[in-house]
Amino acid sequence: MLVGFIGLGVMGRPMALNLVRAGTPLVVWNRTPERCAPLREAGAEQAASAAEVFERAATVILMLADEAAVDAVLGRGTPDFATRVAGHTVVHMGTTSPEHSAALQDDIRGAGGAYAEVPVSGSRTPAERGRLVAMLAGDDHALASVRPLIAPMCGEAFDCGPVPNALLMKLSVNLFLITQVTGLTEAFHFADRHGLDRGRFLDVLAAGPMASAVSTMKAPKLLTRDFTVQAAATDVLKNNRLIAGAARRARLASPLLDVCHTLFDETVARGHGGEDMVAVLRALEARTDGARSGAPVDDGPR
């Protein structure tokens with residue numbers, strides 16, 4: 001039986017390619033049709049619309065940018081919604097607010113469909129290697145069919161309980177990722193502006209207890225100012241907003257996140273949203289240079 005895959009962005013396209021290469025019969029659709037070309041070449045079928053994907057596949061994976069894109073693809077709030085999701089399993093692998101996901105589950109169930117919340121942790125390179133980490137939430141019967149399906153995309157998968165616990169877990173992981181990469185970038189900037197050998201700084205870091213898979217991946221990008229996307233600054237800012245919203249609703253303090261929120265906001269505002277998250281270096285450099293020129297510096301969260 002065909003499996004549907006909608007959303008072939010930085011993460012979605014390598015994920016879908018791994019499914020096809022593993023022998024999964026796939027029908028795909030993307031708002032920008034040209035992004036389907038590598039999937040066609042690998043053996044997937046290309047649908048003319050999102051509706052066609054649902055017509056041809058009983059299980060449909062969504063790897064979409066935001067809540068508006070998810071709702072639009074599903075026809076949520078229109079008469080098309082029930083037609084698309086009834087009798088289908090919808091696998092939501094993107095990152096939206098926990099509240100959106102919980103409401104989406106209710107709507108899909110009410111229309112006669114099944115829902116699996118399966119966000120993933122990782123960036124473009126783990127996606128290409130099929131080494132993403134999946135977090136699963138939803139009904140047992142839906143997850144039973146989803147687990148073998150996601151295996152070609154994910155090196156690990158963890159059950160997280162009911163919806164929206166998988167997304168809350170993803171946001172928890174991303175809080176650590178955002179603060180960790182921002183800290184690494186600030187440390188690099190500190191060493192650089194003190195005139196230290198930047199390569200030697202990274203060697204010392206790699207040899208000590210602070211080394212990690214994240215620093216191993218991001219440190220060379222900082223050294224060469226390689227801002228090619230693995231995880232885009234715009235997506236990091238979106239995640240930051242989602243985490244901050246969840247923290248506020250739960251009345252939780254998040255001071256480190258709030259500082260990162262401001263820095264990524266500045267990074268995107270300066271036109272670097274399409275670059276990798278280490279482009280937060282540009283915001284740090286702008287603050288430093290602004291302070292040296294005597295310009296006022298805004299150090300508070302937005």
Side-chain angles (χ1 to χ4, degrees), residues 9-11 65-69 94-100 119 121-124 167-194 198 201-202 205 210 212 214-215 217-219 221-223 225-302:
V10 171
M11 296 286 289
D66 53 33
E67 297 168 8
T95 306
T96 60
S97 72
E99 292 76 18
H100 176 267
S121 179
S123 58
R124 186 189 65 191
L167 271 167
L168 286 168
M169 187 70 74
K170 167 71 183 289
L171 296 182
S172 301
V173 170
N174 277 6
L175 196 161
F176 180 45
L177 172 66
I178 292 168
T179 55
Q180 183 182 31
V181 172
T182 305
L184 170 65
T185 305
E186 185 173 329
F188 179 86
H189 177 61
F190 180 89
D192 179 33
R193 291 303 178 97
H194 275 89
R198 297 172 302 166
F201 162 68
L202 295 180
L205 177 67
M210 297 304 295
S212 68
V214 171
S215 65
M217 181 180 296
K218 297 301 185 184
K221 293 177 75 64
L222 287 167
L223 184 61
R225 297 185 73 85
D226 172 18
F227 299 120
T228 305
V229 172
Q230 291 174 333
T234 297
D235 293 333
V236 174
L237 179 58
K238 181 196 83 170
N239 275 267
N240 208 315
R241 288 170 175 158
L242 291 174
I243 301 165
R248 299 298 173 266
R249 285 186 289 273
R251 301 181 67 83
L252 302 177
S254 56
L256 293 179
L257 179 75
D258 294 342
V259 171
C260 295
H261 194 162
T262 301
L263 288 169
F264 277 98
D265 197 17
E266 292 172 12
T267 303
V268 172
R270 289 181 174 276
H272 306 296
E275 298 177 348
D276 189 73
M277 64 187 300
V278 295
V280 71
L281 176 65
R282 298 186 187 276
L284 292 166
E285 290 173 337
R287 284 191 176 205
T288 293
D289 295 340
R292 286 178 173 175
S293 69
V297 178
D298 178 9
D299 291 320
R302 297 184 181 181

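We're numbering straight along the sequence, starting at 1.
Ion pair Arg282/Asp289 not flagged as a salt bridge, since none of the NZ, NE, NH1 or NH2 atoms sits closer than 4.0 Å to an Asp/Glu carboxylate oxygen.
The heavy-atom pair separating Gln230 from Ser123 by the smallest distance is O-CB, 3.4 Å. The minimum heavy-atom distance linking Ser254 with Arg248 is given by the pair OG-NH1, 3.0 Å. Residue Thr267 comes nearest to Ala233 through the heavy atom pair CG2-CB, 4.2 Å, listed as atom of the first residue, atom of the second, then distance. Listed here is the closest heavy atom pair of Ala253 and Pro255: C-CD, 3.6 Å. For the residue pair Ala231 and Asp276, the shortest heavy atom distance occurs at N-OD1, 2.9 Å. Taking both residues in full, the closest heavy atoms of Cys260 and Ile178 are given as CB-CG2, 3.7 Å, listed atom of the first, atom of the second, then distance.
Listed by chain and residue number, Val10, Ala232 satisfy the side-chain contact (heavy atoms from CB on, under 4.5 Å) test with Val229 (two or more places apart in sequence, or in another chain). Partners of Glu186 under the salt bridge (Lys or Arg N to Asp or Glu O under 4.0 Å) rule, at least two apart in sequence or in another chain, do not exist in this structure. The salt bridge (Lys or Arg N to Asp or Glu O under 4.0 Å) check on Asp226 picks up Lys221, with sequence neighbours excluded.
At distances below 3.5 Å, not a single donor-acceptor pair connects side-chain atoms of His261 with backbone N or O atoms of Leu257. When atom types are taken as modelled, the side chain of Asn239 and the backbone of Asp235 share a donor-acceptor pair closer than 3.5 angstrom. The backbone N or O of Met277 sits nowhere less than 3.5 Å from a side-chain atom of Lys218 that would complete a donor-acceptor pair.
Between atom CG of residue Leu281 and atom CZ of residue Phe227 there is a gap of 5.0 Å, rounded to the nearest 0.5 Å. With rounding to the nearest 0.5 Å, the separation of OG in Ser215 from CE in Met210 is 8.0 Å. A distance of 11.0 Å separates CG of Leu284 from CG of Asp192, quoted to the nearest 0.5 Å. Atom CG of Leu171 is separated from atom CG of Leu177 by 12.0 Å, given to the nearest 0.5 angstrom. Separating the CG atom in Asn174 from the CG atom in Leu242 is a distance of 9.5 Å, to the nearest 0.5 Å. Taking CG of Leu256 as the reference point, atom CD of Gln180 lies at 12.5 Å (rounded to 0.5 Å).
Side-chain atoms of Leu263 and Arg287, non-hydrogen and from C-beta on, do get closer than 4.5 Å to each other. Using a 4.5 Å cut-off on side-chain heavy atoms (C-beta onward), Val278 and Phe188 make no contact. Between Leu167 and Glu99, the closest side-chain pair of non-hydrogen atoms is not below 4.5 Å. Using a 4.5 Å cut-off on side-chain heavy atoms (C-beta onward), Thr262 and Asp258 make no contact.
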*Decide yes or no on side-chain contact (heavy atoms from CB on, under 4.5 Å) for Thr228 and Arg124, but give the supporting numbers first.*
CA-CA 11 Å; Thr228 305; Arg124 186 189 65 191; 3.9 Å; yes

